[in-house]
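Below: one structure, written as C-alpha cells.
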Amino acid sequence: MSDIASTKGISRTLVDWCVSSLTGPVVDRQSSEVDLSMLTVVVPSLNRQDYVLRQVRYWSSSSAHLIIVDGSSSPLSDRIRSAIEAHPRITYRHVASSLPDRLALAGGLLETPYAVMLGDDEFHLQTGLSASVAVLDENPDLVGCTGQVLRSTRVGRYRRIAFERAYPTMHGYSIRHPAPVD
C-alpha cells in the first residue's frame with residue numbers, strides 16, 4: 001500500500017508535524033518536568049489515525065512509554081511507522097480486531113509497574129499522572145486512582161473551558177480491601 005493511500009484523510013502537514021517530533025535530536029530529549037518512566041500510556045484507536053498522530057507528538061518527549069493499539073482498517077503509513085519504530089518508548093501495533101483483543105495485546109506489552117488507558121482524543125496532563133504515580137507508590141494497597149477532568153464545553157457560538165471533576169460522586173471515595181477483585 002502506498003504511503004499516500006495509507007494516510008488517507010490525514011493531512012500531510014499533520015504527518016510532517018508528527019514525524020518531526022520523532023526524528024532528529026529531539027527524539028532523545030525527554031521532558032524534565034516530570035518523571036513518568038514507571039508509566040505506560042495505552043491508547044486504543046479505531047479509524048481516527050489523525051488523533052493517533054497527535055498522541056504520538058504529545059508523548060514523544062515524555063519519559064512515559066506509549067502503546068498504541070490501532071484497530072483501523074489500514075495501518076499508519078510506512079513513513080510514520082518507521083519513525084515510531086525508531087522511538088525507544090513508543091510502540092504501535094495495528095491489529096484489526098476487537099477492543100478487548102487489542103487491550104489484551106497491550107497488556108502483554110506492558111513493562112512498567114503502572115499503566116493508564118487514554119482515549120485517542122483525550123490528553124492527560126503529565127503533572128497529574130506524576131501525582132497519581134506518587135500516590136500509588138506511597139500506598140501499595142491502592143490498585144488505582146482517578147484525577148480530574150478539564151473539558152471544553154460548547155456554549156452557544158463560543159467555546160469556553162470549564163474545569164470539572166471526573167466522577168463527582170466518587171470524590172473522596174476510597175475502597176480499602178485486601179482482595180481488590182472483591
Side-chain angles (χ1 to χ4, degrees), residues 1-96 99 102-134 136-137 145 147-152 161:
M1 179 176 293
S2 75
D3 194 55
I4 294 170
S6 60
T7 57
K8 185 177 179 183
I10 301 174
S11 76
R12 182 171 181 85
T13 302
L14 181 58
V15 170
D16 291 345
W17 180 67
C18 176
V19 170
S20 72
S21 71
L22 296 169
T23 57
V26 179
V27 170
D28 294 326
R29 187 183 71 209
Q30 295 179 18
S31 170
S32 59
E33 187 176 330
V34 293
D35 178 18
L36 294 175
S37 58
M38 294 175 43
L39 178 72
T40 298
V41 178
V42 176
V43 178
S45 186
L46 180 65
N47 297 324
R48 300 200 313 179
Q49 294 177 335
D50 52 339
Y51 288 136
V52 168
L53 297 186
R54 291 180 184 108
Q55 290 293 345
V56 168
R57 175 71 186 210
Y58 182 76
W59 291 103
S60 64
S61 64
S62 167
S63 58
H65 298 260
L66 175 64
I67 296 174
I68 298 165
V69 283
D70 182 6
S72 301
S73 54
S74 298
L76 291 172
S77 72
D78 291 341
R79 176 180 176 220
I80 298 166
R81 287 194 329 264
S82 293
I84 289 172
E85 287 170 8
H87 195 284
R89 293 174 309 282
I90 300 177
T91 302
Y92 171 83
R93 293 290 185 270
H94 175 257
V95 183
L99 178 62
R102 287 182 281 134
L103 291 178
L105 171 68
L109 297 171
L110 293 175
E111 295 179 2
T112 59
Y114 302 109
V116 62
M117 187 171 76
L118 175 65
D120 58 9
D121 62 346
E122 301 173 320
F123 291 96
H124 285 326
L125 298 178
Q126 295 180 23
T127 52
L129 290 173
S130 177
S132 295
V133 167
L136 293 170
D137 270 344
C145 60
Q148 297 177 350
V149 172
L150 181 65
R151 70 180 190 136
S152 175
I161 303 295

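Not counting sequence neighbours, the partners of D121 by the salt bridge (Lys or Arg N to Asp or Glu O under 4.0 Å) test are R48. Shown here are the side-chain hydrogen bond (donor to acceptor under 3.5 Å, both in side chains) partners of T112, two or more places apart in sequence or in another chain: T40.
S45 contributes no side-chain N or O that, together with a main-chain N or O of D70, makes up a donor-acceptor pair within less than 3.5 Å. R54 places no side-chain N or O within donor-acceptor distance of the main-chain N or O of D120, the cut-off being under 3.5 Å. Side chain of Y58 to backbone of H124: a donor-acceptor contact under 3.5 angstrom is found. Not a single donor-acceptor pair under 3.5 Å links the side chain of S82 to the backbone N or O of R79. A donor-acceptor pair under 3.5 Å is formed between the side chain of H94 and the backbone N or O of S72. Formation of a donor-acceptor pair under 3.5 Å by the R81 side chain with backbone atoms of Y92 is not found in this model.
A distance of 12.5 Å separates CG of L118 from CD1 of I67, quoted to the nearest 0.5 Å.
Put simply, the side chain of R89 does not reach to within 4.5 Å of the side chain of S37, judged on heavy atoms. Within the 4.5 Å cutoff, the side chain of V42 has heavy atoms near those of the L110 side chain.
Screening residues 110-119 for salt bridge (Lys or Arg N to Asp or Glu O under 4.0 Å) gives no qualifying pairs among residues at least two apart or on separate chains.
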